Every structure is written in C-alpha cells, then in structure tokens.
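Working notes for the structure below.
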Number of protein chains: 2
Amino acid sequence: MPRRVDHGERRAEIAKALVRAAGRLGLHAVGMRDVAAEAGVSLRLVQYYFESKEKLLLFGLQQLAVRFGERVSARIAAAGPDPGPREVIEALLTAALPVDAESRTFHHLYTSYAVLSVTDEALAAQPFIKDPDAAEATVTALLRRAADAGLLFPGTDPAAAAAGLLAMSAGLGTGVLVGQRSAESAAAVLAYHLDRVFRPAAGP
Amino acid sequence: MPRRVDHGERRAEIAKALVRAAGRLGLHAVGMRDVAAEAGVSLRLVQYYFESKEKLLLFGLQQLAVRFGERVSARIAAAGPDPGPREVIEALLTAALPVDAESRTFHHLYTSYAVLSVTDEALAAQPFIKDPDAAEATVTALLRRAADAGLLFPGTDPAAAAAGLLAMSAGLGTGVLVGQRSAESAAAVLAYHLDRVFRPAAGP
DNA sequence: ATTTTCGTGATACGAACGTACCACGTAGAT
DNA sequence: ATCTACGTGGTACGTTCGTATCACGAAAAT
C-alpha cells in the first residue's frame, strides 16, 4: 500500500530503531539489517530513506543529541518552578548520569560516537562535539551570576569550576556505565563537589 | 629460518602492533590483517601466536594496562625525590591526559575498550575495569594521610574528593581527545581543583 | 639417520556486510 | 484512461573479515 508517506517521520522512526539496536548490540556491531529488523521494515527501506550507512549514523547522532537536550530541559523543569542556580546546575550535571535504560543508552552511544570521531573526520566535523562547549558556557554563566549574587564561596573561578564539574559528570557517567560505581554514589560525589562551590543557604 | 622463538616476546610485539594500528585506525576498524601488516609478519603468524581475534584483543588490553601503569609510575618518579602528596596526586591525574601521541593512544584505546565492555561480557569480566578502583583507593589513601597531616582544607572528604578528581581527570582527557579543549587547559582545570583541596603551603 | 615437532607461508572458505539492481503495485497527474 | 513517479520487496554482487587447511623447511629428539 504505497500511499504518500512523511519522509521526516519515517527517518526519525528508523533512527530511533538504530539507537535501540545500537544500545543493545553496541554501535560498532549494528548493521543495516539490524536496524531494519528493529524498525520492523525491510532492508531496502532503510536504504531508501538513508542512502548510505554513514548518513544513517550521522542522522542517528543528531537525533540522539536532540533527544538528550530535551531530557536535560525536562530535568531542569522538574527541578521545580523558578529553581536556583544550584538546582539548575545539579539537574544539568546529573542528566548525564546513566540512571535508567534511556540515559544509559545516551551515555553509551554518545561515548561511542566520541570514540569514533577520533578516527572519523566526518563525525569529528559534526557539531555534536560542540554540545559540551555549550553546556560549559551555560554552567559558567550560571556560576558567574551566582558568584555575583554572593551564593558561592569566595575565590571561586566560574570557568574552571564549570569545566571541572562537567568533566567530572562525564567521567562519573562512564564509571557508572561500565559498572565501576553506582548511580547513587556518582550523584553523591557530584553533590559533594557542588557543596564545595555553593555556600550553605542562609537561614530565613 | 624456523629457529626456536620466544613466544612471550613475539606475542608482546604483535600486541604492540595491534595498539599502534588501533591508535591509527580505531579499535573498531582494525583487523587481523592490519595487525599482521603493522607487525611486519604474515597473517598466519598472528593466528599462530593468538588463536583468535578475541584473545588478541584481550592480550592487547592487558598489555595496554601494564604500559599505562608504567607510565604513571614514571610520571610520579619524575615528580622528584620524596614528592609530597599533592605532587603525587597531580602526577597521577595528569598521566591520564592525552598530551602526546602515546598518551593519546592510551586514552583512545582505553575508552574504546570501555565502550566495548558495555556489550561484551568477556571484556567486562576483564580486570582492567578494576584499575580505576585501585587508582581511587590510592588517591583516597593519599588524601587521608594529607588530611591527617593538616595539608588539606578542613572538612574535606578524602573519598569523595578522590572519586571526583579521578572522574574529572578522565572526563577532561576525553575532552582533550576529541579536540574540545587543549591539554594545557585541562591541566589548569585540574590544578585549580587541587588548589581547592590542598591548603597553600606554609612559608618557611 | 630417521622421525617428530615447530615456525612459517600461501591460499581457500563460509559468513556477513554495505550496496546495487530489478520488478511491481498503487496513488496522483494529464 | 493513460502515464508517471513513489514506496516497497526480493535478491544478487563484490568485498572484507575471521578462521581453517594444506604444504614445507629446519631444528630437535630418538
């Protein structure tokens, strides 16, 4: 029944199948046939909507970045109405931790892509490398404003603190991913270090 | 000239060729034939000394871990005779940063193996996952002793600080690897955070 | 001196991969 | 009503991969 079909939606569906299959098998092991089977379509269709595997991989990565961004926003929104800078930053940092299946897949595939980008220039040129820069700029700005409001311990360098915290979050996420530590302990470590940046809230 | 040959040495040579080839092509893309060519031997010999690719990969990983351990020791030794805890910890943390070709390869392949271990149980069972735990125990012990000696800011939690610093070092290393930041700025971030743990040395 | 074992080369095999090709039915255009 | 373009299936092709097989020369053992 070849009715007219929404290409964008179809591509998104297939890309989601790619992400699911890659989360299960590992990005290195997933093939066009796996994606087709996961999406419930024929191999030909995957070829039809993405001309090559490389295009599929690139699109899947973009899709992943978008979905991750949405997750972070949701996390921040869930921190409550009008959250303070500490809450926003903590939500941002813990969003990267693999606490459930979805975030595990995020971290797993993101790291896979990062590794691939070391030897694949098409991936390295992709703007997903830029995402951490944006996150760092955001956290730095939040910290700077918090410092101006007197919420931080004196002598805090917003840029250095932001870079360190984000790197720590990424590193802890990997530790959780490979089973080295639990998600709870990773969150606790993050909270400890935030306590070393933000001064205790003044009593009412 | 089939004289008797030292199997151990031969395996080490081939494993080093694996590491070189994987550093160039990416671990996902390296095949038995690439390793053979890199080592300057025939494909048959790689098969002969390692029965399967999986065995080769496992051995290459162990080799990598050993070489990395040696590198860390050398870094600490280079910190001077009778170095203080801060110097030892800083050497330990910066050893993971990809500052030159060799450490780039270390970080690249270590991360590759970590990603593979998520979906490969044979790799996950490998003790290289345990290395970060050992490093964390070492840094924690160093920090605890430093705290007892009054070298740290009061209120420092050695375990949480050690976990955070190591995760930060790993995360910064990945950032350097993918070209997000320079090795110098990573080292600076690390130094900044160490300054938030170690009190300034008292004057003479 | 003969036999056995070891190191090595060349090559072949079956599987899996990404891609290309061919066929066909249906929906919209004319 | 005819034609054209789109969506889809099936399948074949060429390559590459890990692995297995065959052959052979030289050292060691007997």
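Computed from a prediction, not measured in an experiment: that's the story for all the values here. Values below: every heavy atom of this structure, side chains too, minus hydrogens, waters and symmetry copies. Convention: sequence-line order gives letters A, B, ...; per-chain numbering from 1.
The shortest distance between the side-chain N/O atoms of B:H7 and the OP1/OP2 oxygens of C:dC6 is not below 4.0 Å. A close approach under 4.0 Å does occur between a side-chain nitrogen or oxygen of B:Y49 and OP1 or OP2 of C:dT8. Here A:S42 reaches the OP1 or OP2 of D:dG9: one of its side-chain N or O atoms lies under 4.0 Å away.
Considering only side-chain atoms of A:L43, the nucleotide from C:dT19, D:dT19, C:dT8 that sits closest is C:dT19. Comparing C:dG7, C:dC17, D:dT8 against the side chain of A:D34 picks out C:dC17 as the nearest.
Within residues 115-123 of chain A, no residue has a heavy atom under 4.0 Å from DNA chain C.
If you take CZ of A:R44 and P of C:dA20, they are 10 Å apart, rounded to a whole angstrom. Rounded to whole Å, the distance from CZ on B:R11 to P on C:dG7 is 13 Å. Distance B:E51 CD to C:dC6 P: 14 Å, rounded to the nearest Å. If you take CD of A:Q47 and C1' of D:dG7, they are 14 Å apart, rounded to a whole angstrom. Nucleotide D:dC17 holds its C1' atom 14 Å from the NE2 atom of B:H28, rounded to whole Å. Between the P atom of D:dG10 and the OH atom of A:Y48 lies a distance of 17 Å, rounded to the nearest Å. In this structure, B:L57 atom CG and D:dT19 atom C1' are separated by 15 Å, rounded to whole Å.
Checked by atom type and distance alone, the side chain of A:D120 never pairs as donor or acceptor with a backbone atom of A:S117 at under 3.5 Å. Within the 3.5 Å criterion, the main-chain N or O of A:A101 finds a donor-acceptor partner in the side chain of A:T105. A donor-acceptor pair under 3.5 Å links the side-chain atoms of B:H193 to the main chain of A:A160, judged by distance alone.
Annotation: cation-pi pair A:R196/A:F153 absent, no NZ/CZ under 6.0 Å from the ring centroid and within 45° of its normal. Judged by a 6.0 Å distance limit and a 45° cone about the ring axis, A:R11 is positioned over the six-membered ring of A:F59.
Interface remark: the B:R33 side chain does form a donor-acceptor pair with the D:dG18 base, using a distance-only criterion of under 3.5 Å.
For the side chain to side chain contact (heavy atoms under 4.5 Å, CB included) criterion with B:L56, the lone passing option out of B:L61, B:V46, B:V30 is B:V46.
Annotation: side chain to side chain donor-acceptor pair (under 3.5 Å) contacts involving residues 151-178 of chain B, sequence neighbours excluded, comprise B:H107-B:T174.
Heavy-atom nearest nucleotides on DNA chain C were determined for A:M32 and for B:L45, and the one closer to the 5' end corresponds to B:L45.
No contact: B:F50 has no heavy atom under 4.0 Å from any strand.
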